[in-house]
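Before any comments, here is the structure.
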There are 2 protein chains.
Amino acid sequence: MSHTTGSAAVTGVRQARKRRTRQSLLDAALALLEEQSLSGLGLREVTRAAGIAPTAFYRHFRDMADLGVALVEESLGSLHATVRANLAATVDSERRIAGTVELVARLVREHPAHVRFLARERHGGVRPVREAIGGELDRFAVEVAAELARLPEASDWRREDLLMLARLYVDLMVTTASALLAAGPDAAAGERVEEEARRRLRLVALGSRHWPG
Amino acid sequence: MSHTTGSAAVTGVRQARKRRTRQSLLDAALALLEEQSLSGLGLREVTRAAGIAPTAFYRHFRDMADLGVALVEESLGSLHATVRANLAATVDSERRIAGTVELVARLVREHPAHVRFLARERHGGVRPVREAIGGELDRFAVEVAAELARLPEASDWRREDLLMLARLYVDLMVTTASALLAAGPDAAAGERVEEEARRRLRLVALGSRHWPG
DNA sequence: TCGGTGAGCTGACAACTGTGCACTGACTGG
DNA sequence: CCAGTCAGTGCACAGTTGTCAGCTCACCGA
């Protein structure tokens, strides 16, 4: 037990340095993954790009799969709060739709490599990474369902229908993100994708307003 | 006796043999791709599994990317007619929905490796393969839109809304296919996925019946 | 029947891979 | 202050990779 002086600086120069090279490994891997997939990425390739010796890799990750899981956490971990805030913010349907699409668009604009990684490895060749992404997306769906349940017009929905709708929304946003990636840097093409995404959401919202038929 | 001059055999023993080993290359690659992705698959690995010498690979494909494109064609090429027939068959909405989901389910059941390959390489690390899959899916969307246009209730739809709806349907079926793969061989889990897919389609059909709001 | 074609083979090459081992030296807690 | 920890290094190893050149020999058309 630490009955030490109680200083605030717990970091330690050593651990900080370690975290820095760990981060440079993650960055290097992410950059290399823009043009190939994780199962084709070599350990030496990554360490070379990160500027360290190959064997130093093992100080941070057991595997490339291990590194991949860390990348998933980095890509998706901080997003839950954002999504939750966005959903809770507005009640008006049209505003909610516009805000959600804008959120996805900004995510793709600001972190294209992360999004590309997720799209690629969601069904990729490395099981632990696949499962990490899938689990994270499931968590998103549950959170979205919880927010949907707070809307008055969903008060009489069955729980499973609510989850179905939430998962549908999540899937729509994921495919929107990949479509935005595929559209590339062309602003006009990106705007077309966003507009189509909004229309899709409008259609689904319209359907759910008349549910269950 | 054996060498009848006017035989109908247009194939030729030689070309037939070549096609057979080409096919065994495709089969071997597909089998190996169940547990990794194309950009991590080695030429030697494939030829070893196919039972031929490494250099013989070049007699059939220039690249692994080339082989991948051939796999896309094999996986998706024959599907257009099936989809078209399925859509044209029934007019009743509920029957159409059930039939479509059943078609996807059967596809996954009968050709799981092909479907897995498509899901994996749709956003995978090999550009030509990505583009081949994307182009094929676009063609599907156009075909679906053409079939939708024949329905009386869609007579007053704008062309772009029709395409939006068609693309939505295609994306829904693609995500349904991956979900079925993820569900694995468990029949109960598969049935749950199918039921949710039907509900999704019902919701979308409901929304489109009230379009544009 | 005979020369040409071409699918598939063998052997070899340099380049690259993941990982084990022993080492250094800056940091650390007591 | 000093002994211990541990991130990072260098070297070595056995395998594997893609590809080249040249060979065989079953098939082909004429």
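What you see below is based on every heavy atom in this structure, not just the backbone, and it leaves out hydrogens, waters and symmetry mates. Bear in mind that the values here come from a model prediction, so they are computed numbers and not experimental data. Within every chain, numbering begins at 1; the chains are lettered A, B, ... in the order of the sequence lines, protein sequences first and strands thereafter.
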Can you give one letter per nucleotide of nucleotides 14-24 of chain C, 5' to 3': B if a protein heavy atom sits under 4.0 Å from the base, S if only from the sugar-phosphate, - if neither?
---SBBBB---
Indicate whether the side chain of A/Thr21 and that of A/His60 have a donor and an acceptor atom separated by less than 3.5 Å.
yes
Walk me through it: do A/Glu196 and A/Arg199 pass the test salt bridge (charged side-chain N to carboxylate O under 4.0 Å, His left out)?
CA-CA 5 Å; A/Glu196 175 143 333; A/Arg199 259 190 285 194; 5.6 Å; no
To the nearest Å, how far apart are [X] [atom1] and [N] [atom2]?
X       : N     : atom1 : atom2 : result
A/Arg17 : D/dG8 : CZ    : C1'   : 11 Å
B/Phe57 : C/dC9 : CZ    : C1'   : 17 Å
A/Lys18 : D/dT5 : NZ    : C1'   : 11 Å
A/Gln15 : D/dT5 : CD    : P     : 16 Å

Look at the aromatic rings of B/Phe61 and B/Phe57 and report parallel, tilted or perpendicular, splitting at 30° and 60°.
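Tilted, since the angle between the ring planes falls between 30° and 60°.
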First encountered from the 5' end of DNA chain C, between B/Ile52 and B/Arg14
B/Arg14
Given B/Glu102 and B/Arg109, is the salt bridge (charged side-chain N to carboxylate O under 4.0 Å, His left out) satisfied, shown in steps?
CA-CA 10 Å; B/Glu102 175 54 28; B/Arg109 224 180 298 126; 3.5 Å; yes
Does any N or O in the side chain of A/Arg120 come within less than 3.5 Å of the main-chain N or O of A/Gln36, such that one atom is a donor and the other an acceptor?
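At least one qualifying donor-acceptor pair exists.
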Between C/dC27, D/dG8, D/dC27, which one does the side chain of B/Val13 approach most closely?
D/dC27
